[in-house]
Amino acid sequence: MLIEKKFMEEALVEARLAAEEGEVPVGAVVVRGGEIVSRAHNNAERSSDPSCHAELIALRDAAVKLNSRSLDDCALYVTMEPCPMCAGACLLFRIGAVVFGAYDERAGALGSVAEIGGGAFGQSFPVIGGVLREECAKLLTDFFKSMR
């Protein structure tokens with residue numbers, strides 16, 4: 001799989017928008033054939049919906065736009081390692097691959113704490129972590145420092 005940093009940079013644009021809105025700065029883009037199909041950022045606070053993570057919103061939008069619940073020809077780029085809910089959603093949407101930036105040592109479900117995408121549930125997808133890791137992590141660190 002070709003990793004394109006430009007797509008992680010686009011996910012970072014979304015993460016910055018989340019921070020401006022007072023949301024945890026996580027952004028995501030779904031890519032198919034070298035084109036962004038959908039993009040999103042966290043919206044849990046504004047929507048009062050804890051399931052409104054960037055990944056879920058981007059996956060849902062991509063499925064609607066592509067008129068398919070299977071995104072096996074798509075890659076999800078996300079600025080932070082997905083949590084168990086989002087990693088499970090990647091399985092349900094049959095995502096082709098996940099590329100993430102910052103590792104989540106507390107709740108990461110694609111290798112840090114759990115391994116949901118590695119075939120334990122009868123499905124798997126390639127996972128690449130650490131793309132633009134420092135920039136993604138700094139955005140999160142700076143956000144949480146500003147909240148204290």
Side-chain angles (χ1 to χ4, degrees), residues 1-21 23-47 49-141 143:
M1 178 179 84
L2 177 63
I3 304 167
E4 300 211 26
K5 290 182 181 178
K6 70 179 181 180
F7 295 126
M8 188 61 73
E9 290 166 354
E10 290 298 321
L12 276 162
V13 167
E14 290 294 320
R16 289 184 192 99
L17 289 172
E20 290 172 12
E21 296 172 5
E23 299 282 347
V24 175
V26 176
V29 296
V30 174
V31 177
R32 177 176 151 195
E35 299 292 326
I36 294 175
V37 175
S38 65
R39 55 191 316 130
H41 55 272
N42 277 1
N43 190 19
E45 297 300 321
R46 288 187 330 137
S47 67
D49 181 348
S51 72
C52 284
H53 289 195
E55 302 96 306
L56 278 177
I57 298 166
L59 290 167
R60 287 177 186 143
D61 288 351
V64 169
K65 286 179 183 172
L66 297 173
N67 194 31
S68 176
R69 55 179 277 196
S70 178
L71 302 176
D72 59 342
D73 58 348
C74 298
L76 172 69
Y77 286 76
V78 59
T79 57
M80 187 167 108
E81 181 180 1
C83 70
M85 175 181 68
C86 293
C90 288
L91 289 173
L92 292 173
F93 281 97
R94 300 187 184 283
I95 195 71
V98 175
V99 179
F100 68 85
Y103 288 84
D104 184 352
E105 301 299 330
R106 290 185 8 204
L110 293 182
S112 289
V113 176
E115 181 51 67
I116 291 179
F121 298 94
Q123 300 176 52
S124 66
F125 46 82
V127 175
I128 299 168
V131 176
L132 299 182
R133 178 182 188 170
E134 293 78 21
E135 191 172 350
C136 293
K138 183 175 180 348
L139 187 58
L140 288 157
T141 301
F143 175 80

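In this chain, residues are counted from 1 in sequence order.
- Looking at residues two or more places apart in sequence or on another chain, you find a side-chain contact (heavy atoms from CB on, under 4.5 Å) between Ala102 and Cys136, Ala137, Leu140.
- Scanning all heavy atoms of the two residues, the minimum distance from Val26 to Thr79 falls at CA-OG1, 3.3 Å.
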Could you go through the side-chain contact (heavy atoms from CB on, under 4.5 Å) check for Leu110 and Phe125 one step at a time?
CA-CA 10 Å; Leu110 293 182; Phe125 46 82; 3.9 Å; yes
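- Val131 and Lys5 get closest at one heavy-atom pair: CG1-CG, 4.2 Å.
- For residues 6-20, the set of pairs meeting the salt bridge (Lys or Arg N to Asp or Glu O under 4.0 Å) definition, not counting sequence neighbours, comprises Glu4-Lys6, Glu10-Arg39, Glu14-Arg39, Arg16-Glu135.
- For the atom pair Asn43 CG and Leu56 CG, the distance stands at 12.0 Å (nearest 0.5 Å).
- Going from atom CG of Asn42 over to atom OG of Ser47 covers 9.5 Å, rounded to the nearest 0.5 Å.
- Note that the CD1 atom of Ile36 and the NZ atom of Lys65 stand 10.0 Å from one another [nearest 0.5 Å].
- Applying the salt bridge (Lys or Arg N to Asp or Glu O under 4.0 Å) test to residues at least two apart or on different chains, none of the pairs has a partner in residues 51-64.
- For Ser70, the side-chain contact (heavy atoms from CB on, under 4.5 Å) criterion is met by Ser68, Asp72, Arg94, not counting sequence neighbours.
- Atoms CZ and CG, on Phe7 and Leu132 in that order, are 13.0 Å from each other to the nearest 0.5 Å.
- Between Pro126 and Gly96, the shortest heavy-atom contact is CD-O, 3.0 Å.
- For Ala44, the side-chain contact (heavy atoms from CB on, under 4.5 Å) criterion is met by Glu23, not counting sequence neighbours.
- To the nearest 0.5 Å, atoms CZ (Phe100) and CD (Glu81) are separated by 4.0 Å.
- Partners of Asp73 under the side-chain contact (heavy atoms from CB on, under 4.5 Å) rule, at least two apart in sequence or in another chain, are Arg32.
- For Thr141, there are no side chain to side chain donor-acceptor pair (under 3.5 Å) partners, not counting sequence neighbours.
- Remark: Phe93 engages no residue in a ring-ring contact (aromatic ring centres under 6.0 Å, His included) (not counting sequence neighbours).
- Using a 4.5 Å heavy-atom threshold, the side chains of Val30 and Leu59 count as touching.
- The shortest non-hydrogen separation linking Ala54 to Ala40 is O-CB, 3.6 Å.
- Closest approach of Ala63 and Arg69 over heavy atoms only: CB-CA, 4.4 Å.
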What verdict does the side-chain contact (heavy atoms from CB on, under 4.5 Å) test give for Cys74 and Leu66, after you've listed the backbone C-alpha separation in whole Å, the side-chain angles of each residue and the deciding distance to 0.1 Å?
CA-CA 10 Å; Cys74 298; Leu66 297 173; 3.8 Å; yes
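- Evaluation of the side chain to side chain donor-acceptor pair (under 3.5 Å) test over residues 102-111, restricted to residues two or more places apart or in two chains, returns none.
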